[in-house]
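Take a look at the structure below.
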Amino acid sequence: MKYPYSQQFRQSLVEWFHREKRDLPWRRTKDPYKIWVSEVMLQQTRVDTVIPYYHRFIEKYPSIEALAYADEEELLKMWEGLGYYSRARNLQSGVKEVVEKYGGIVPNNRHDLQQLKGIGSYTAGAILSIAYNLPEHAVDGNVMRVLSRVLHITEDIALPKTRKTFEKAVEQLIHPEYPGDFNQALMDLGAMICTPTSPKCLLCPVREYCVSFMEGDADQLPIKSKKTKVKNEYYYVYIAVNDGKVLFERRHSDGLLANMWQFPMIFVEKSPEETGKSFEKTYNVKITKVLEEDFFEQKHVFSHLIWNLRCHLVEVKEIGPLGDMVQFVTLKEIEELPLPVPMIKIKNFLKQYIFKPLE
DNA sequence: AAGACGGGGCG
DNA sequence: CGCCCAGTCTT
């Protein structure tokens, strides 16, 4: 498929970008490693969220070697609150492979890049076009939205195969001399003009080449199916105190929130009494006193499930060995560990309302 | 192709 | 409350 206005389209788009582009921290470098870090952080995550994380991360891990040899728990702590924590581990795994296999030089071809953990079609294209100025497509949700409108593509963007349609389109459209600017221009256009709802077509630099603007149905695109059905899960969370410390555990090394730390949680399937027994049995402790029942309730929404948490403050004594992943820690020690957001919220509530008044 | 995988912002 | 966000990996 040849597009009649490719030449004018790419020129208008890139000229607009050179005038209006956002000043973002990762746009002040051509270091492939730093571009890589930014692109991984930006996966499914907003620019405004990423900026402070990016600064802290690059300060702590300024080079590919620094990250390759970083402590994994510290790395997770740096990622705390960003979500999709496997991104952090995959990034380090990829970085290690580059150090060992490529002498610390980030590969400059799609094949080798996509072999690295955490680098898919999009991220490979972003690194190649932005850091190495190579004419490679970098198609994300943003680009699919913009091009679905410009080219009036009505395929369902929720389907994996649809991305290939857009990748082929970008191969035709991409600016051969400014491929990185072209790709970033599509993203900035998507962020600033061609927004998901109420696109600002009258301010758009490429509206004269936009089929949807002509048809007047830009707000109807892209077509996206797939609504996710999330399931509810109910847990009791036990703040189990013993001698000024609380029971704390590390989650399993794979699956949801892998290797993150949490207060003990018991899946609720039976009565409150049964759940309490289950807690004692699971952690080899005996509840000696119930200090506060249901002192904090929280609903936490993930993309695929909902946690409904009810917190209880209890006093316990050990009646057997704690598991490998379990230990008593002070509130201060908790600050050093990587926690998922729902646990951070519980910890902050404790500091504010439960332990603070005791000091 | 579909589900797992976080968290926040916005209408 | 549902949708979306500079996606990738696993099944």
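Keep in mind that what you see is a predicted model, and the values were worked out from it rather than measured. Chain identifiers are assigned alphabetically (A, B, ...) following the order of the sequence lines, protein sequences preceding nucleic acid strands; residue numbering begins at 1 within each chain.
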Hey, does [X] reach any base, or is it just sugar-phosphate, or nothing, if we go heavy atoms under 4.0 Å?
X: A:W26; answer: base
X: A:I130; answer: nothing
X: A:V40; answer: nothing
X: A:G81; answer: sugar-phosphate

Is a donor from one side chain sitting under 3.5 angstrom from an acceptor on the other, for [X] and [Y]?
X: A:R27; Y: A:S38; answer: no
X: A:E39; Y: A:T123; answer: no
X: A:E15; Y: A:Q11; answer: yes

Atom pairs and distances, donor-acceptor, side-chain atoms in residues 102-111 of chain A, under 3.5 Å, two or more places apart:
unit_1: A:N109; atom_1: OD1; unit_2: A:H111; atom_2: N; d: 3.3
unit_1: A:N109; atom_1: OD1; unit_2: A:D112; atom_2: N; d: 2.8
unit_1: A:N109; atom_1: ND2; unit_2: A:D112; atom_2: OD2; d: 3.1
unit_1: A:R110; atom_1: NE; unit_2: A:E136; atom_2: OE1; d: 2.9
unit_1: A:R110; atom_1: NH1; unit_2: A:Q114; atom_2: OE1; d: 3.0
unit_1: A:R110; atom_1: NH1; unit_2: A:S121; atom_2: O; d: 3.0
unit_1: A:R110; atom_1: NH2; unit_2: A:E136; atom_2: OE1; d: 3.2
unit_1: A:R110; atom_1: NH2; unit_2: A:H137; atom_2: O; d: 2.8
unit_1: A:R110; atom_1: NH2; unit_2: A:H137; atom_2: ND1; d: 3.4

Check: Would you say a side-chain N or O of A:R145 is under 4.0 Å from OP1 or OP2 of C:dC5?
Finding: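 Yes, within the criterion.
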Margin query: Nearest whole Å is fine: how far is C:dG2 P from A:H304 NE2?
Written below: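 One finds 17 Å between P of C:dG2 and NE2 of A:H304, rounded.
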Check: Taking for each residue the nucleotide of DNA chain B with the nearest heavy atom, is it A:T162 or A:P342 whose nucleotide lies nearer the 5' end?
Finding: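 Final value for this comparison: A:T162.
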Checklist line | Position toward the 5' end of DNA chain B (nearest nucleotide), A:K161 or A:R87 | finding: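 The residue mapped nearer the 5' terminus is A:K161.
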Note to self: Can you tell me how far apart NZ (A:K317) and CG (A:N284) are? Round to the nearest 0.5 Å.
What the structure shows: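 Between A:K317 NZ and A:N284 CG, I get 13.0 Å after rounding to 0.5 Å.
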Find every protein N or O atom lying less than 3.5 Å from an N or O atom of nucleotides 7-10 of chain C, and list the pairs.
unit_1: C:dG7; atom_1: OP1; unit_2: A:G141; atom_2: N; d: 3.3
unit_1: C:dG7; atom_1: OP2; unit_2: A:Q44; atom_2: N; d: 2.8
unit_1: C:dG7; atom_1: OP2; unit_2: A:Q44; atom_2: NE2; d: 3.3
unit_1: C:dG7; atom_1: O5'; unit_2: A:Q44; atom_2: N; d: 3.4
unit_1: C:dG7; atom_1: N7; unit_2: A:Q44; atom_2: NE2; d: 3.4
unit_1: C:dT8; atom_1: OP1; unit_2: A:G120; atom_2: N; d: 2.9
unit_1: C:dT8; atom_1: OP1; unit_2: A:T123; atom_2: N; d: 2.9
unit_1: C:dT8; atom_1: OP1; unit_2: A:T123; atom_2: OG1; d: 2.6
unit_1: C:dT8; atom_1: OP2; unit_2: A:Y122; atom_2: N; d: 3.3
unit_1: C:dC9; atom_1: OP1; unit_2: A:G118; atom_2: N; d: 2.6

Please tell me which of the listed nucleotides, [options], lies nearest to the side chain of [X]?
X: A:P340; options: C:dA6, B:dA1, B:dG7; result: B:dG7
X: A:R46; options: B:dG6, C:dA6, B:dG9; result: B:dG9
X: A:K224; options: B:dG7, C:dA6, C:dC5; result: C:dC5
X: A:L257; options: B:dG6, C:dA6, B:dG8; result: B:dG6

Notebook entry, point to check: Going by side-chain heavy atoms closer than 4.5 Å, which hydrophobic residues are tied to A:L159, directly or by a chain of links?
Noted result: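 None; A:L159 is a cluster of one.
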Item checked: Aromatic A:Y85 / basic A:R87 pairing, under 6.0 angstrom, 45° off normal ->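 No cation-pi geometry.
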